[in-house]
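First the structure, in the form of structure tokens, and then the observations on it.
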Amino acid sequence: LPISEAARNEYGEDIPFSEHCRIRSRQACIKSSVKALEYAMKHGTRLHLLHISTKEEVEMIRAAKAINPKITAETSSNYLWFSDMDYRRLGSHVKCNPSVKTAEDRSALREALRNGIIDTIGSDHAPHLLSEKEGKYLSVPSGMPSIQQSFPALLTIASQEGIPLSRIASAFSEKPAEILHVRERGFIKAGYYADLVIADLNCQSEVHKEDLLYRCGWSPYEGEIFSAAVRTVFVNGHEVIGNGKPVMGAEAAGQKIAFYR
């Protein structure tokens, strides 16, 4: 039987959300990553693996990069912050695909970020309505709103783990621009667009519902305490966040991104 059907047979319609990491299993993650890595090593092609969530995948990517340096990998703040122990506390709010795994996997991912095996950080932002996330396991969609908390979460993790801030800047900005061949963005350089984030590294803050900018109105990070806070954001040289709040009239600051051929 498929694992989801086996869980239904065991629990009926009341499948605990803690079963998600068994239903969306580590074995499935490993098997799919193995297949992609084997093809990339065989043919020498570029490959960017998304949403790495297990320690086994980290070691596979480490070995594969030694054979094909064009292989890169991404994870999200969700896998670096949460663990399977949070299912009991957060339930559907931490249900995402791939599933959040163990604290041991989380530690391996943090170390992989430190040493560059993980190249980039994605938000995996999925702003489902709270009403959509309040059903039973089989009816609740996977995904969580996270883009507003990704950067302060990573700055907090960097402080906890002694990860250089240069690695965070690389994973959030420089490496994505390099991989995707984005023109004149991603680096602080003369002639480049001023897409900048200024953070206070000594500002401990708790995530409160009233401070969320999501239209969906919730976040799995509510109640979490970060050791850093975003203060100012510039997009194309225009200030769009000031003192941690949106700047009125700044919505039109975006521009079409250009790519190198």
Side-chain angles (χ1 to χ4, degrees), residues 29 33 37 46-83 98 100-125 146-182 184-189 192-205 207 221 224-235 241:
C29 294
S33 292
L37 288 168
R46 295 175 63 201
L47 171 69
H48 190 56
L49 278 176
L50 303 178
H51 298 1
I52 301 305
S53 63
T54 69
K55 62 180 182 178
E56 289 89 346
E57 288 172 288
V58 167
E59 293 308 312
M60 288 156 39
I61 293 164
R62 186 197 310 275
K65 281 186 170 190
I67 298 170
N68 180 356
K70 290 185 284 187
I71 291 170
T72 53
E74 174 259 21
T75 193
S76 80
S77 62
N78 302 330
Y79 303 112
L80 294 162
W81 188 269
F82 298 111
S83 77
V100 170
K101 306 298 195 302
T102 68
E104 187 177 2
D105 292 302
R106 180 178 61 189
S107 294
L109 291 168
R110 290 184 174 196
E111 181 58 29
L113 174 63
R114 180 206 305 276
N115 61 34
I117 299 303
I118 294 294
D119 297 274
T120 68
I121 300 297
S123 70
D124 195 23
H125 182 63
S146 56
I147 194 168
Q148 185 180 348
Q149 285 73 48
S150 291
F151 190 49
L154 263 292
L155 290 175
T156 303
I157 291 167
S159 176
Q160 293 170 347
E161 305 291 344
I163 300 173
L165 293 179
S166 58
R167 283 290 309 127
I168 304 302
S170 174
F172 265 109
S173 184
E174 296 168 353
K175 198 68 175 182
E178 179 185 313
I179 292 169
L180 296 174
H181 300 163
V182 179
E184 297 171 344
R185 295 185 188 274
F187 295 82
I188 300 177
K189 289 183 179 181
Y192 274 52
Y193 291 91
D195 300 327
L196 303 169
V197 178
I198 300 172
D200 185 343
L201 301 181
N202 298 302
C203 180
Q204 189 176 85
S205 59
V207 180
Y221 290 90
E224 300 289 347
I225 296 175
F226 298 140
S227 64
V230 172
R231 287 304 182 200
T232 308
V233 177
F234 291 92
V235 175
I241 298 291

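If you take CG on Asn78 and NE2 on His125, they are separated by 11.0 Å, rounding to the nearest 0.5 Å. Remark: Arg185 CZ to Tyr192 OH distance equals 11.0 Å, nearest 0.5 Å. The CG atom of Asp200 sits 6.0 Å away from the CG atom of Asn202 when rounded to the nearest 0.5 Å. Rounding to the nearest 0.5 angstrom, the gap separating the CG atom in Leu155 from the CD1 atom in Ile168 is 6.5 Å. For the atom pair CZ (Arg110) and CG (Leu154), the distance works out to 9.0 Å, reported to the nearest 0.5 Å. A distance of 4.5 Å separates CZ of Arg62 from CD1 of Ile117, quoted to the nearest 0.5 Å.
Using a cutoff of 4.0 Å between basic side-chain nitrogens and carboxylate oxygens, Asp105 and Lys55 are not scored as salt-bridged.
Put simply, the side chain of Asp195 never gets that close to the backbone of Val235: no donor and acceptor are under 3.5 Å apart. Between the Ser146 side chain and the Ser123 main chain, a donor and an acceptor come within less than 3.5 Å of each other. Without hydrogens or angle criteria, Ser170 side chain to Ser166 main chain gives no donor-acceptor distance under 3.5 Å.
Residues Met60 and Ser33 meet the side-chain proximity criterion, which asks for heavy atoms closer than 4.5 Å. His51 places a side-chain heavy atom less than 4.5 Å from the side chain of Tyr79. Counting heavy atoms from C-beta outward, Ile198 and Val233 have side chains that stay 4.5 Å or more apart. Within the 4.5 Å cutoff, no side-chain heavy atoms of Gln148 are placed close to those of Val230. By the 4.5 Å heavy-atom criterion applied to side chains, Leu47 and Thr72 are not counted as neighbours.
No donor-acceptor contact under 3.5 angstrom links the side chains of His48 and Glu74, judged on distance only. Side chain to side chain, Gln204 and Ser227 fail the donor-acceptor criterion of an N or O pair below 3.5 Å. Side-chain contact, Lys175 with Thr120: no donor N or O sits under 3.5 Å from an acceptor N or O.
Under the salt bridge (charged side-chain N to carboxylate O under 4.0 Å, His left out) criterion, Asp124 pairs with no residue at all, not counting sequence neighbours.
Glu161 CD: more than 12 foreign heavy atoms inside a 6.0 Å radius. Within a 6.0 Å radius of CG in Leu196, other residues, nucleotides and ligands contribute more than 12 heavy atoms.
What you find for Ile121 and Ser77 is that their closest heavy atoms are CG2-N, 4.1 Å. Here the shortest heavy-atom pairing between Cys29 and Glu57 reads O-OE2, 3.5 Å. Of all heavy-atom pairs spanning Leu109 and Ile52, the tightest one is CD2-O, 3.6 Å. Scanning both residues, Phe226 and Tyr221, for their nearest heavy atoms gives CZ-CD2, 3.8 Å. Heavy atoms only, all atoms of each residue included: Arg167 and Ile118 are closest at NH2-O, 3.0 Å. In terms of heavy-atom proximity, Arg106 sits nearest to Phe82 at CD-O, 3.5 Å.
Between Tyr193 and Phe234, the ring center distance fails the sub-6.0 Å criterion.
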Requested in this report: List the steps, then state whether side-chain contact (heavy atoms from CB on, under 4.5 Å) holds for Leu37 with Ile71.
Outcome: CA-CA 8 Å; Leu37 288 168; Ile71 291 170; 3.8 Å; yes
Report task. For the pair Gln149 and Trp81, evaluate side chain to side chain donor-acceptor pair (under 3.5 Å) and give the outcome as yes or no after the intermediate values. Result -> CA-CA 11 Å; Gln149 285 73 48; Trp81 188 269; over 6 Å; no
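Note on ring orientation: taking the six-membered ring where Trp is involved, the planes of Phe151 and Phe172 are perpendicular (angle over 60°, cut-offs 30° and 60°).
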